[in-house]
Amino acid sequence: MRRGHIAAVAAAGVLTALSAVPAHAAEYSSALKIKGIQYDAPGRDSNNCTTGNTDEEYLTIKNYSSTATVNLKGYVVKDATGNTFTFTRSHSLQPGDYVKLRGGHGTDSDAKNVVYRNNCNFMWNNPGDTIYLYKPSGAHADTHKYTKSANDPDGNGYITYHG
């Protein structure tokens, strides 16, 4: 075999190996990832703004970087049906820090690691849904699809990703 032919065969093998990488692998290039989701609020679901429990439904987003502080301003969270939340205010996550994005109304707090959607409707579907986290540039930061039957074996309404 000639040297040029060997190089072409090797390059084809590399391209084949790269094409076998799952499409979702690129989404994990972000320091911010979805740590977990309480997709089913404890108790009977009620989206009443005064007495409901939408604040018990939350998405935990964590900064997995060991060195970089990340500002959430401009990050977007979506579900499969198009429900959207955009972080419009500055909220800095130090390395290893996290924030819980809760439903309902409340006071955002860096000290308590909480941001409220200021919307009393539930965002996450109990039987299953897809969670999308986008960077301010529009690039994927993280995505997870879940179903209650496949991903929540203990039935507590909470699923952990990325630990």
Side-chain angles (χ1 to χ4, degrees), residues 23-24 26-163:
H24 68 279
E27 69 192 337
Y28 299 115
S29 64
S30 174
L32 290 188
K33 294 183 175 98
I34 299 162
K35 182 180 186 303
I37 182 170
Q38 181 72 49
Y39 68 90
D40 188 1
R44 186 170 182 202
D45 287 353
S46 171
N47 61 359
N48 181 302
C49 283
T50 305
T51 61
N53 62 341
T54 55
D55 64 333
E56 294 299 318
E57 179 186 87
Y58 60 88
L59 180 70
T60 305
I61 299 169
K62 182 176 177 180
N63 180 356
Y64 284 89
S65 171
S66 60
T67 58
T69 297
V70 180
N71 189 337
L72 285 169
K73 187 173 183 177
Y75 274 80
V76 176
V77 174
K78 289 185 180 182
D79 76 348
T81 61
N83 292 309
T84 303
F85 175 82
T86 302
F87 289 90
T88 57
R89 298 183 192 164
S90 290
H91 188 95
S92 294
L93 294 180
Q94 304 298 320
D97 201 7
Y98 68 91
V99 66
K100 287 185 178 180
L101 175 61
R102 291 188 175 273
H105 294 280
T107 303
D108 296 350
S109 170
D110 281 340
K112 294 183 179 178
N113 296 343
V114 66
V115 172
Y116 287 88
R117 291 190 298 111
N118 291 316
N119 184 323
C120 296
N121 292 320
F122 290 97
M123 185 165 181
W124 310 111
N125 295 315
N126 292 350
D129 211 333
T130 304
I131 312 158
Y132 302 96
L133 177 63
Y134 294 98
K135 297 177 183 181
S137 67
H140 272 89
D142 202 3
T143 300
H144 292 281
K145 183 175 184 171
Y146 69 86
T147 62
K148 184 174 189 162
S149 60
N151 304 107
D152 188 11
D154 63 5
N156 69 355
Y158 188 84
I159 300 170
T160 299
Y161 305 105
H162 303 293

pair R117-M123: side-chain heavy atoms closer than 4.5 Å = yes
task = Of all the heavy-atom pairs spanning S92 and T69, show the shortest one and how long it is.
result = CB-CG2, 3.9 Å
key: Qualifying ring pair (Phe, Tyr, Trp, His ring centres under 6.0 Å) pairs with a residue from residues 90-137, counting only residues at least two apart or across chains   = Y134-H140
ask   = Where is the tightest heavy-atom contact between Y161 and H144, given as atom of each residue plus distance?
value = CD2-ND1, 3.3 Å
remark   = Residues passing the side-chain contact (heavy atoms from CB on, under 4.5 Å) test with T147, sequence neighbours excluded, are S149, A150, N151
task = Identify, with sequence neighbours excluded, every residue that meets ring-ring contact (aromatic ring centres under 6.0 Å, His included) alongside Y75.
result = none
message = Which residues pass the side-chain contact (heavy atoms from CB on, under 4.5 Å) test with D40, not counting sequence neighbours?
response = D45, N126, K148
inquiry  = Can you see whether D97 engages N63 through a side-chain donor-acceptor pair at a distance of less than 3.5 angstrom?
reply    = no
key: From I159, L133, T143, residue fulfilling side chain to side chain contact (heavy atoms under 4.5 Å, CB included) relative to I34   = L133
key: Residue pairs passing the salt bridge (charged side-chain N to carboxylate O under 4.0 Å, His left out) test where at least one lies in residues 80-93, sequence neighbours excluded   = R89-D108
query = Mind checking whether V77 and I61 have side chains closer than 4.5 Å, heavy atoms only?
reply = yes
inquiry  = Going by the rule side-chain contact (heavy atoms from CB on, under 4.5 Å), which residues pair with P42 if we only count those two or more places apart in sequence or in a different chain?
reply    = Q38, E56
request  = List in chain and number order the residues that pass ring-ring contact (aromatic ring centres under 6.0 Å, His included) with Y158, two or more places apart in sequence or in another chain; answer none if no residue qualifies.
outcome  = none
ask   = Counting N and O atoms only, with roles assigned by atom type, does the side chain of N125 sit under 3.5 Å from a partner on the main chain of P127, one being a donor and the other an acceptor?
value = no
ask   = Between N48 and S46, do the side chains contain an N or O donor and an N or O acceptor separated by less than 3.5 Å?
value = no
ask   = Just wondering, do F85 and L59 contact through their side chains at under 4.5 Å, heavy atoms?
value = no
query = What pairs of residues pass the disulfide (SG to SG under 2.5 Å) test when at least one of them lies in residues 133-163, not counting sequence neighbours?
reply = none
ask   = By side chain to side chain donor-acceptor pair (under 3.5 Å), which residues pair with S90, not counting sequence neighbours?
value = N71
ask   = Of all residues at least two apart in sequence or in a different chain, which pass the side-chain contact (heavy atoms from CB on, under 4.5 Å) check with A68?
value = S65
remark   = Taken to the nearest 0.5 Å, the spacing of R102 CZ from T60 OG1 works out to 8.0 Å
inquiry  = Let me confirm one number: the CD-CG distance from E57 to L101, rounded to the nearest 0.5 Å.
reply    = 9.5 Å
Sequence neighbours excluded, every pair satisfying disulfide (SG to SG under 2.5 Å) that has a member inside residues 33-128 = C49-C120
ask   = Is any side-chain heavy atom of D142 closer than 4.5 Å to a side-chain heavy atom of Y64?
value = no
message = Give me each pair satisfying ring pair (Phe, Tyr, Trp, His ring centres under 6.0 Å) with a member in residues 34-56, each pair once, sequence neighbours excluded.
response = Y39-Y146
message = Tell me the closest heavy-atom pair linking N47 and N121, and the distance in Å.
response = ND2-OD1, 3.0 Å
